[in-house]
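Throughout, protein chains are lettered first and strands after them, A, B, ... in sequence-line order, and every chain is numbered starting at 1.
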Amino acid sequence: MTTMRQVELRYNPQEIDRKWQERWERDGTYRVRDDDPSPKWYELTMYPYPSGDLHIGHWYAMAPADCHARFRRMQGYNVIHPMGFDAFGLPAENAAIQRGIHPYTWTMGNIENMRGQLRSMGTVYDWEREIICCVPEYYRWNQWFFLKLYEKGLAYRANAPVVWCPSCQTVLANEQVLNGRCERCDTSITRRDLEQWFLRITDYADQLLDFGGLVDWPEKILTMQRNWIGRSVGVEISFDISQLGLDESEISTFTTRIDTIFGVTFMVLAPEHPLVEKLTTPERSSEVAAYVEQARRQTEIERLSAEKEKTGVFLGSYAINRLNGEQVPIFIADYALMGYGTGAVMGVPAHDQRDFEFARKYGLPIRLVIAPSGWAGGDLEEAYLEEGSMVNSGQFDGLPSSQGKEAIADFVEGQGWGRRSVSYRIRDWLISRQRYWGTPIPIVYCEKCGTVPLPEDSLPVLLPEDAEFKPSGESPLVLHQGFVSAACPRCGGAARRETDTMDTFVDSSWYMERFTSPKYDDGPFEPKVLKEWMPVDQYTGGAEHAVMHLLYARFWTKALRDMGLVDFDEPFLRLYNQGIILGEDHEKMSKSRGNVVNPDEYVGSMGADSVRCYLMFLGPWDQGGPWSTSGINGVARWLNRVWEVCQHDPSELDDRPTDEQTVRDTRRDLHQTIKKCYNDLDRFKFNTAIASLMEFSNRLNRVWSEGNVDSATWRDCTEKFLLMLAPFAPHLAEELWERAGHPYSVHNRMFPQWDEELAAEEVITLVVQVNGRLRDKLQVPVDIAEEEAKRLALASAKVQTYISDKQIARTHYVPGRLVNVVVG
RNA sequence: GCCGGGGUGGCGGAACGGUAGACGCGGCGGACUUAAAAUCCGCUACCUUCACAGGUGUGUGGGUUCGAAUCCCACCCCCGGCACCA
């Protein structure tokens, strides 16, 4: 692409960009001071993974956020708007495997490159605060936090059937599975039983459902978190199996529909349920074993695609429903999940669609116990899920099911057969990863002492540089003798070091806090400074992190609060999700489609300001939208006109006659523009803010060519215009500010204030309607009286032709807007 | 299936229940130029009309209202998320 720019610029953007970027750096214009007395504003954009190149999506996330942060600065806030790199993670390790380059080298090279690209955007990032989380100065605090969590019982090791990605060769957290596929590489996941480290996020499930501490988050994200946590209120009730003579005398199940307990006609256990073996009769054992084996071999995708067809196997044993003494057969089926509730389901086919399908397939009885209103006793075509009147339910017959729920729960609790309880969909956060490029978990396993946490003063556990990179299903650290063999800190004997590393979402769970004191050495952050800045006032980023990073970080904060390390409940008070930028063909950008836009090319030819402004102009930020080459040309043309119009010498106006009306109109436009731009910036409405700046600069052009305003008005207009332009186009505004003879720097000035009186209209267009249809427009003074407005409206010749032969039923008057004449 | 967001000119998109289409792109016409590009000026929803003007228009169908892109009901389509959670 030789000339994508069809606009001939009258200024040299490369020169101006470089000039001011260097000057800002040299002068420390954007250096953030912790002790500034102004009110603070912490504006944070999700930090990028250093994948190699800054793409247009990064620009789309960062440029508008930078504009907003600049606006807050110009409102007088002491703004911190930091940037860093999410530097641990799998791609670095894959690069090591594929190209034989060390993850550290690869990552640091990428950071070097991306930092340069980030600087080219002209952002207010204070690079003194940059953080890179793959360096020991950062990750040692991951280890420190881990020890604190371990001490509090919030980190634990357990054997569990966990999610495994065969391609990444590591386990994943449940949150990192999308539609049965690995969030990173899209491979269908499987399950494995492994000893892994978990964080007890479920302890905080109820607190995480309380969004009261948040100031402004998108409803969509709250809903996603609510659904993910999945709180269900119900009853845990046991079924009697004492007649089988096992160690266990009952099977416990969880139900939200205890009112349907008399409709139980079978029971289903998850294939992984610990009682399966004991409950299987000898003649059924081979069939059961085959089913269990098949269920565990299935990938998540296969399990999902089997959605329509319920399958299962009868174990040969029965359980007794204590409420009516009935024996019901016990099955295993893969629609029962070991991770939810107790891993056992009471089968009520009449009132649960899944149980209904299962019962139909295996010829099990379907007994109605909640009667729909007007039910005549026929067979059900599908499960009846609504409320109704209880039938076939012994002493509870006749109760409305909503009351039956409470009555049966009371009865069950009274009999000691169960208790009211709450179940959650969310599971504990699995943080172990069988990979190299992450934070080592500070634990050793000693033959004598067992699992032993390392003492704090021995941190960091350094990631050894010389490791063997092979995708083997085990961390490369396993093969590293020097790393694995350790001395037990308790007994001094031989011990084996934990070789799994931490999920990288650990890094991002507290990075916002590290930004406040990134070089602090005596803790993860300096408490005094943390208090100055946290919590984050405005967080921006993609919505894809709704139930991963955003949930983990909220959990982390609450855990830290309970340890007394922070004194706030929520890390991010306001959240705004930008949309996705699409290719010129309106499709998602991808290399295979060949529609990827490289920002560097545009920055090189038209300057950072054109790219920044175009990204903000193309549409509402939260909706994203398609890139358009001719669209960015239009913005470049506009900046070109701005360049021209702001460089006129105002004293040339002194020889020309001044038109007072034009002066008033221009000034009114200025103040209306300030008001519009200010309010739009406040609410992330960058596109309409820029449109209003375009309108105003178009007026300035017109006014200049007519030359009928005084030089003082002109100076006032251009000065305030440049101040408004500054957050959008920081380089151009700074250059024009200097050329206009103003003192450095435009970026240390306040955003202009508007004057309501000067912004007020003198004359308005009064719309005249007849029966709601536009018939005439009249120019009238803004303060026109209602009677006068109506008189003028009726006197209009155009209006007369529609009403002369009709009866006027009434007239509606909207001050400052319209008169609507209703005729019969 | 459930939960969000959204359907407005040729395109991206504007519009406190009150002038639909701001701003920009594209297109057309003109100026400048030997010429082209760039730049500047004008026009540009659709239909009828030489024009004046009129009619029709915000996914579809109803409703509320003096007045609906905007509020209510039903439906269609697109995008995103969740999908056996007992």
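Taking every side-chain heavy atom of A/Thr255 into account, B/rA86 is the closest of B/rG67, B/rG26, B/rA86. For A/Arg641, whose side chain is taken as the heavy atoms from C-beta onward, the closest listed nucleotide among B/rA86, B/rC40, B/rC23 is B/rC40. Taking the side chain of A/Asn687 as heavy atoms from C-beta on, and the options B/rG13, B/rA83, B/rC3, the nearest nucleotide is B/rG13. With distances taken from any side-chain atom of A/Tyr802 to the nucleotides B/rA86, B/rG54, B/rU19, the minimum falls on B/rG54.
A/Phe686 places its CZ atom 14 Å from the P atom of B/rA14, with the value rounded to the nearest Å. If you take CZ of A/Arg773 and C1' of B/rG18, they are 15 Å apart, rounded to a whole angstrom. As rounded to whole Å, 11 Å separates atom C1' of B/rC84 from atom CZ of A/Arg425. Taking atom NE2 on A/His586 and atom C1' on B/rC78, their separation rounds to 13 Å, with Å as the unit. One interatomic measurement links the two molecules: CE of A/Met616 to C1' of B/rC23, which rounds to 16 Å at whole-angstrom precision. Between A/Asn701 atom CG and B/rC23 atom P the separation is 14 Å, expressed in whole Å. Atom CD in A/Gln578 sits roughly 16 Å away from atom P in B/rG80 (whole-Å rounding). Look at CH2 on A/Trp228: it is 17 Å from C1' on B/rG4, rounded to the nearest Å.
Cation-pi geometry between A/Lys310 and A/Phe358 is not met: the NZ or CZ atom fails to fall both under 6.0 Å from the ring centre and inside 45° of the normal. Taking the ring axis of A/Trp59 as reference, the NZ or CZ atom of A/Arg612 does not stay both within 45° of it and closer than 6.0 Å to the ring centre.
Side-chain atoms of A/Thr253 and A/Glu236 include no donor-acceptor pair closer than 3.5 Å. Of the N and O atoms on the side chains of A/Glu175 and A/Tyr552, at least one donor lies less than 3.5 Å from an acceptor on the other residue.
Residue A/Gly624 is the one, among A/Gly624 and A/Glu695, whose nearest nucleotide of RNA chain B lies closer to the 5' end (criterion: closest heavy atom).
Scanning atom types as modelled, one donor and one acceptor separated by under 3.5 angstrom connect the side chain of A/Gln769 and the base of B/rG18. For A/Lys220 against B/rC3, no side-chain N or O and base N or O form a donor-acceptor pair under 3.5 Å.
Backbone-only engagement by A/Arg810 is indicated by non-hydrogen atom pairs under 4.0 Å involving sugar-phosphate atoms exclusively. Within the 4.0 angstrom heavy-atom criterion, only backbone atoms of the sugar-phosphate kind lie near A/Pro620; the bases stay farther away.
Note on A/Arg226 versus A/Glu219: salt bridge recorded, some NZ/NE/NH1/NH2 to OD/OE distance being below 4.0 Å.
Aromatic pair A/Trp217/A/Phe211: centroids not less than 6.0 angstrom apart. With ring centers used as reference points, A/Phe617 lies 6.0 Å or more from A/Trp638.
Base pairing of B/rG4 is made with B/rC79, judged by Watson-Crick or G-U wobble geometry with both donor-acceptor distances under 3.5 Å.
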What does nucleotides 30-35 of chain B look like as a protein-contact string, B for base, S for sugar-phosphate only, - for none, at under 4.0 angstrom between heavy atoms?
------

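One P atom belongs to B/rA83, the other to B/rA22, and the distance between them is 44 Å to the nearest Å.
Inter-residue side-chain proximity for A/Leu172 and A/Cys182 is flagged as met; some heavy-atom pair is nearer than 4.5 Å.
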